[in-house]
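Not measured: the values here are computed from a predicted model.
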Amino acid sequence: PMPIDDFTEVDYSLNSLPAVFQQFIDLDLKGMVYPAGNYTGSPYVAAPFTIPDQSDSMLYLAFSEYFFQTYSFAYYSAGAFNITIAEETCSYFNISTEIFGSIIPEVAKYSVTPYPVMLKLMATEIPIISLEQDSFTVEIQGSMEVFAVLPDSTTQLLFTMNMAANTSIALNIFDQKLVGSLCLNRLQFSLAHSNVGFFEISLLENILSYILQTEVIPSANAKLSKGFPLP
């Protein structure tokens, strides 16, 4: 397998001998992504597919939905969807318990002294991949934990939210690599657990969406822009 990054590797080995015809050669490649150093099978089954009969280019390269499903499974298994937004980043965006307290009275009562906050995001299920024309959508089910960071650097959990995100990734080939660009289409939150009492999560949706759009999405696009090695 060929390394992709610190999290994953890809196997482009041949599934069968090349099929040689008068006008072209068919190569059936495995096209499976693994967590780095872990070559166990994925929970998906590869379905056969054919490339449309065209002859105006020298090379045609096709990826099945299975390929992207193993990509999603490998990154999920390697913990790549687990992200911590540190207190320094939250402070840069002026996000603190004081800001939360101004929106949610329950937080103001729970944390009288203003503290920095830290966010932990994680995928709770394998993201679902669906191929579309020139792009694919990714449905992500996850959670977000919001912590207060105390003066002694310990953390105190304020509340946990369930999170459902619908994203799309546009694909291009550049410099012999498959590169992508991520766009957040839809984001929904629901309150899963709270140490500050019940509150309407809709009060926080705008500020949390802003953090994701300005911190998480650009970080993901920076990684996608590095590209995915082609066979």
**Request:** Before giving the answer on side-chain contact (heavy atoms from CB on, under 4.5 Å), spell out for S194 and F199 the whole-Å C-alpha distance, their side-chain angles and the decisive distance to 0.1 Å.
**Result:** CA-CA 9 Å; S194 175; F199 60 89; 3.9 Å; yes
**Prompt:** Which word best sums up how the rings of F7 and Y75 line up, parallel for under 30°, tilted for 30 to 60°, or perpendicular for over 60°?
**Reply:** tilted
**Message:** Which label fits F67 and Y12: parallel for a plane angle under 30°, tilted from 30 to 60°, or perpendicular past 60°?
**Reply:** parallel
**Option among V10, V33, I129 that satisfies the side-chain contact (heavy atoms from CB on, under 4.5 Å) test with T70** = V33
Please report, to 0.1 Å, the donor-acceptor pairs under 3.5 Å made by any side chain of residues 216-231, with sequence neighbours excluded.
from : atom 1 : to   : atom 2 : distance (Å)
N221 : OD1    : L182 : N      : 2.5
N221 : ND2    : L182 : O      : 3.2
S225 : OG     : N221 : O      : 3.3
S225 : OG     : A222 : O      : 2.8

**Request:** Determine whether the aromatic ring centres of F24 and F21 lie less than 6.0 Å apart.
**Result:** yes
**Prompt:** Which heavy atom of I95 sits nearest a heavy atom of F100, and at what distance?
**Reply:** CG2-CZ, 3.8 Å
**Request:** Measure the spacing between CE of M144 and CG of L119 and express it to the nearest 0.5 Å.
**Result:** 5.5 Å
**Message:** So, using side-chain hydrogen bond (donor to acceptor under 3.5 Å, both in side chains) as the criterion, who are the partners of Y76 when residues are at least two apart?
**Reply:** none
**Request:** Can you see which heavy atom on A74 is nearest to which on P35, and at what distance?
**Result:** CB-N, 3.6 Å
**Item:** I211 side chain near I85 side chain, heavy-atom distance below 4.5 Å
**Value:** yes
**Request:** Rounded to the nearest 0.5 Å, what's the gap from CD on E205 to CG on L187? Could you check?
**Result:** 7.5 Å
**Asked** Roughly how far, to the nearest 0.5 Å, is the CG atom of L59 from the CG atom of L61?
**Response** 6.0 Å
**Message:** Give me the atom names and distance for the closest heavy-atom approach of K30 to D11.
**Reply:** CD-OD2, 3.3 Å
**Message:** Just checking E98: does its CD atom have more than 12 heavy atoms from other residues, nucleotides or ligands closer to it than 6.0 angstrom?
**Reply:** no
**Request:** Look at the rings of F73 and Y44 and say which category their plane angle falls in: under 30° parallel, 30 to 60° tilted, over 60° perpendicular.
**Result:** perpendicular
**Prompt:** Considering residues, nucleotides and ligands other than D6, do more than 12 of their heavy atoms fall under 6.0 Å from its CG?
**Reply:** no
**Prompt:** Does anything in residues 147-157 pair up under side chain to side chain donor-acceptor pair (under 3.5 Å), and if so which pairs, sequence neighbours excluded?
**Reply:** D152-T154
**Asked** Rounded to the nearest 0.5 Å, what separation is found between the OH atom of Y34 and the OG1 atom of T8?
**Response** 12.5 Å
